[in-house]
Amino acid sequence: MSIISQIKPLAVKALKDLYNYDIAGPDLTINTTKPEFEGDYTLVMFSFVKQLKKSPEQLGNEIGEHLTKSNPEIFTAFNVIKGFLNLTVADNYWINFLQSNFSSKDFGSKPGNGETVMVEYSSPNTNKPLHLGHLRNIFLGWSIARILKESGYKTVKSCIVNDRGIHICKSMIAWQLFANGASPRSTGIKGDHFVGEYYVKFNDEYKKQVEELVIRGMKKEEAEKEAPIMKGTQQMLLDWEAGKPEVIGLWEKMNGWVYEGFDITYKRIGADFHKMYYESNTYLLGKQFVEEGLKQGVFFRKDDGSVWIDLTADGLDEKLVLRKDGTSVYITQDLGLADQKYEEFKYNQSIYVIADEQNYHMKVLKLILQKLNKPYAEGIDHLSYGMVELPSGRMKSREGTVVDADDMVAEMVNVAKHKTEELGKVKDFTEAELKELYDTIALGALKFFLLRVDPKKRMIFNPEESIDFHGFTGPFVQYTHARIRSILRKAEGTRDKAQGTGGLLKLERDLIILLEQYPTIIEQACTEHNPSVIAIYVFNLAKMFNTFYTEHSVMNAESEEKKQFRLQLSEMTANVIASGMGLLGIKVPERM
RNA sequence: UGGCUUAUAGUUCAAUGGAUGAGAACACUUCACUACGAAUGAAGAAAUGAAAGUUCGAAUCUUUCUAAGCCAACCA
């Protein structure tokens with residue numbers, strides 16, 4: 001149990017004992033004490049000062065007196081400044097805490113709670129390779145699933161692949177027109193990139209054809225509809241829906257290429273899924289909802305036969321759920337898929353990692369499910385994140401300004417390689433060990449960079465400035481870990497001796513206090529669905545350790561007891577760093 | 001026109017309504033390797049978009065304004 005959740009009931013009890021005053025735990029504010037004041041944790045008293053009709057100083061003294069007297073094993077001192085009661089926690093409390101947790105590899109993880117959470121992420125189109133924006137999505141999705149697992153949930157990672165539709169047909173038709181039967185194998189190009197090239201070729205050709213038609217006197221809008229390549233694409237979509245064998249064959253072949261490419265990338269960056277859904281299988285789902293909704297009076301039919309839901313009472317608009325020709329729209333499929341997922345996994349919570357441009361859509365989805373009284377509606381949750389933009393604005397594939405995911409990773413690996421060679425600390429590594437190390441550092445830098453920011457904020461990535469390895473970065477944290485491991489290797493075997501006691505130095509104390517907060521940090525990241533909380537914490541921990549490390553020697557400590565104590569402190573720090581980074585999907589090296 | 005989101009040092013990010021110093025990092029100016037690993041540490045300078053309100057107390061809540069982004073498709 002965290003120290004704060006131990007202090008709270010004690011404070012509640014103190015108020016009851018002293019003044020017969022009832023206050024609920026959540027109404028009490030307990031913070032870490034600001035560094036400029038004496039103490040570890042602070043009880044803010046303003047909230048009940050008025051009701052008790054005493055001065056803050058008097059209250060603080062009385063409560064402080066009561067707390068230290070009745071709990072001498074926890075509190076050793078207090079002071080009052082204005083409305084703040086600063087409490088000092090006993091050295092022995094911290095030392096005991098350290099001794100019972102320092103070697104634990106799963107400090108902060110909770111036992112299973114029996115609930116299942118689905119996390120849907122990545123969700124690519126199969127007409128082009130993954131880019132930097134997908135990476136943010138993938139890292140976020142993977143990490144939040146990992147954090148939920150640590151918090152006791154059973155997690156199911158899923159992915160809905162947008163493998164059909166007009167945009168897929170575009171690259172298909174361009175391949176028919178221009179490829180002369182070329183394939184990823186014949187050209188040596190990775191499958192997703194190969195297909196992406198034809199998507200670009202489509203757009204080039206389309207633009208050309210439209211321009212020609214305009215020159216021949218056609219209006220632009222009309223030309224956009226009449227361009228032969230576009231008409232061909234639309235025909236292809238109809239053929240696909242009709243199940244025409246040649247079209248299906250081509251579609252399967254090209255999608256297969258893309259999947260091969262995606263698999264390589266996913267594997268490289270450590271993404272994985274329990275369940276893949278394909279839009280080609282789900283795009284007809286959801287129609288049963290229409291009947292159901294009409295029967296319940298949640299939906300209504302217009303004269304032309306189309307079916308709608310009126311959400312104006314909820315501050316939204318009327319939303320179409322079925323076209324007049326009886327075909328379903330995007331939201332209908334999503335209703336169907338939500339239901340299918342529930343049938344399959346009986347989730348308590350279903351998190352969709354999707355960019356913030358779909359905030360409205362996701363709101364509508366949840367609202368409709370609620371109105372249909374679906375048992376899983378409440379569990380629908382949108383983990384909305386801001387787009388990754390370039391200094392010039394949004395990435396646009398048609399303008400060639402997209403930062404490709406594979407390129408990005410390769411570039412980071414290069415930087416890691418150069419930096420490592422420059423420092424020359426791992427010259428004895430084998431080729432394979434070096435390769436692994438470069439990947440660890442490169443992906444550590446990249447993942448940390450994308451995860452350290454609050455998801456809902458959009459972020460700007462400047463390709464000119466490569467991702468830094470100093471300061472608030474993955475490699476900084478990894479380096480700290482490697483350095484600690486280096487100390488621990490030197491002290492191998494000497495751990496189980498007498499434990500250090502005696503007065504804690506300020507930096508030792510600060511470090512333990514920070515370590516003690518780790519489980520609370522995981523809880524926060526879990527409830528807020530926000531991995532950046534972990535990234536910030538783990539960075540602060542590394543920084544704190546580095547400060548401690550330069551100030552106090554571990555191996556040459558003042559006494560053998562101190563040495564053992566600091567070894568424990570170091571070990572726990574390394575464990576928590578490794579654990580926290582693991583929640584972000586980042587590995588930490590023994591040496592770097 | 002409506003809805004949602006964002007606005008904090010030169011830049012990129014923090015801060016459950018709490019402390020007359022709003023924290024970091026990068027960049028900038030200094031200093032520290034005969035040291036358990038300098039991919040480090042220490043010191044310095046630098047910010048709450050504007051205005052009102054709510055209260056013991058506001059970067060945080062409310063209102064208005066300004067700027068940016070997204071959405072409001074029988075597109076996905």
Side-chain angles (χ1 to χ4, degrees), chain A residues 26 29-31 33-37 42 44-47 49-50 56 81-84 86 123 125 162 164-168 279 283 302 304 306-308 315-325 327-331 333 355-364 384 386-387 389 393-394 416 419-420 422-423 425 441 445 449 452-454 456-462 465 468-473 475-480 482-491 524 528 532-533 535-536 539-540 542-543 546-557 563 566-567 570 591-592:
Chain A
T29 309
I30 294 171
N31 296 328
T33 303
K34 299 267 172 208
E36 60 269 29
F37 301 103
T42 297
V44 183
M45 297 180 293
F46 292 108
S47 55
V49 134
K50 236 183 215 171
I81 297 169
K82 297 208 280 183
F84 302 92
N86 301 320
S123 307
N125 291 341
N162 299 307
R164 53 137 253 135
I166 193 82
H167 52 295
I168 308 298
E279 202 194 307
Y283 81 110
K302 287 196 176 176
D304 65 2
S306 58
V307 180
W308 298 72
L316 305 174
D317 300 293
E318 287 188 351
K319 192 85 186 169
L320 179 91
V321 293
L322 193 74
R323 294 191 185 100
K324 64 185 170 194
D325 64 6
T327 57
S328 51
V329 290
Y330 195 62
I331 192 90
Q333 303 172 34
D356 60 8
E357 59 185 353
Q358 292 198 32
N359 285 353
Y360 183 83
H361 177 83
M362 290 304 298
K363 211 188 255 181
V364 171
S384 167
M387 301 275 195
E389 292 178 12
R394 206 167 157 173
K419 196 78 196 164
T420 304
E422 197 179 300
L423 292 164
K425 295 180 183 181
I441 297 173
F449 180 83
R452 68 182 193 181
V453 182
D454 187 338
K456 70 171 179 290
K457 295 203 176 178
R458 60 174 203 275
M459 59 191 299
I460 295 166
F461 173 71
N462 189 346
E465 306 163 11
D468 214 310
F469 281 22
H470 301 283
F472 187 14
T473 67
F476 170 90
V477 180
Q478 289 173 324
Y479 173 73
T480 305
R483 216 158 55 159
I484 298 173
R485 295 299 310 165
S486 170
I487 298 173
L488 296 176
R489 274 194 301 276
K490 288 195 169 64
Q524 190 192 342
E528 291 177 7
S532 76
V533 172
I536 291 165
F539 168 67
N540 283 330
K543 204 150 56 83
N546 286 335
T547 302
F548 159 79
Y549 170 93
T550 31
E551 201 66 33
H552 306 293
S553 178
V554 176
M555 295 308 280
N556 301 311
K563 178 176 160 186
R566 286 184 189 157
L567 280 170
S570 303
R591 293 173 56 197
M592 63 185 279

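Note on naming: letters A, B, ... go to the chains in the order of the sequence lines (proteins, then strands), and numbering restarts at 1 for each one. Computed from heavy atoms alone, side chains included, the values below leave out hydrogens, waters and symmetry copies.
Remark: A:Lys319 fails to qualify as a cation-pi partner of A:Trp308 under the 6.0 Å distance and 45° angle criteria applied to the six-membered ring.
Summarising the geometry, the separation between OH on A:Tyr479 and C1' on B:G37 is reported as 4 Å, rounded to the nearest angstrom.
Within the 4.5 Å cutoff, side-chain heavy atoms of A:Arg483 are placed close to those of A:Asn546.
For a distance-only test at 3.5 Å, the side chain of A:Ser486 qualifies as a donor-acceptor partner of the base of B:G37. For A:Asp317 against B:C71, a side-chain-to-base donor-acceptor contact under 3.5 Å is absent.
In this structure, A:Glu318 and A:Arg452 both approach RNA chain B, and ranking their closest nucleotides by distance from the 5' end singles out A:Arg452. Along RNA chain B, the nucleotide closest to A:Leu322 and the one closest to A:Ala542 are compared, and the more 5′ of them pairs with A:Ala542.
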Hey, what are the protein-to-nucleotides 29-35 of chain B N/O distances that come in under 3.5 Å?
none

Check nucleotides 17-24 of chain B against the protein and report each pair of N or O atoms closer than 3.5 Å, with its distance, or say if there are none.
from: B:A19; atom 1: N6; to: A:Thr42; atom 2: OG1; distance (Å): 2.8
from: B:A19; atom 1: N6; to: A:Asn86; atom 2: OD1; distance (Å): 3.0
from: B:A19; atom 1: N1; to: A:Asn86; atom 2: OD1; distance (Å): 3.2
from: B:A19; atom 1: N1; to: A:Asn86; atom 2: ND2; distance (Å): 3.4
from: B:U20; atom 1: OP1; to: A:Lys82; atom 2: NZ; distance (Å): 2.8
from: B:G21; atom 1: N1; to: A:Glu36; atom 2: OE1; distance (Å): 3.4
from: B:G21; atom 1: N2; to: A:Glu36; atom 2: OE1; distance (Å): 2.8
from: B:G21; atom 1: N2; to: A:Glu36; atom 2: OE2; distance (Å): 3.4

Between the protein and nucleotides 66-70 of chain B, are there any N/O to N/O pairs under 3.5 Å, and if so, what are the atom names and distances?
from: B:A68; atom 1: O2'; to: A:Arg458; atom 2: NH2; distance (Å): 3.2

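Distances shorter than 4.0 Å separate none of the side-chain N or O atoms of A:Thr473 from OP1 or OP2 on B:A25.
For A:His552, the ring pair (Phe, Tyr, Trp, His ring centres under 6.0 Å) partners two or more places apart in sequence, or in a different chain, are A:Phe548. When the ring pair (Phe, Tyr, Trp, His ring centres under 6.0 Å) test is applied to A:Phe539, the partners found at least two apart in sequence or on another chain are A:Phe472, A:Phe476.
Distance noted for atom C1' between B:U8 and B:A68: 16 Å (whole Å). With both ends at atom C1', the span from B:A59 to B:A72 equals 31 Å, rounded to whole Å.
In RNA chain B, runs of at least 3 stacked Watson-Crick or G-U pairs (N1-N3 plus N6-O4 or O6-N4, or N1-O2 plus O6-N3, all under 3.5 Å) give these stems: B:1-7 with B:66-72, B:10-13 with B:23-26, B:28-32 with B:40-44, B:49-53 with B:61-65.
Comparing B:G37, B:A76, B:C13 by their nearest atom to the side chain of A:Arg323 picks out B:A76. For A:Asn546, counting side-chain heavy atoms from C-beta on, the closest listed nucleotide (B:C36, B:G41, B:C74) is B:G41. Comparing B:C26, B:C74, B:A42 by their closest approach to the side chain of A:Thr547 singles out B:A42.
If you check every strand for non-hydrogen atoms under 4.0 Å, A:Ile441 touches a base.
Stacking annotation: A:Tyr330 is stacked on the base of B:A76 (ring centroids less than 5.5 angstrom apart, interplanar angle below 30 degrees).
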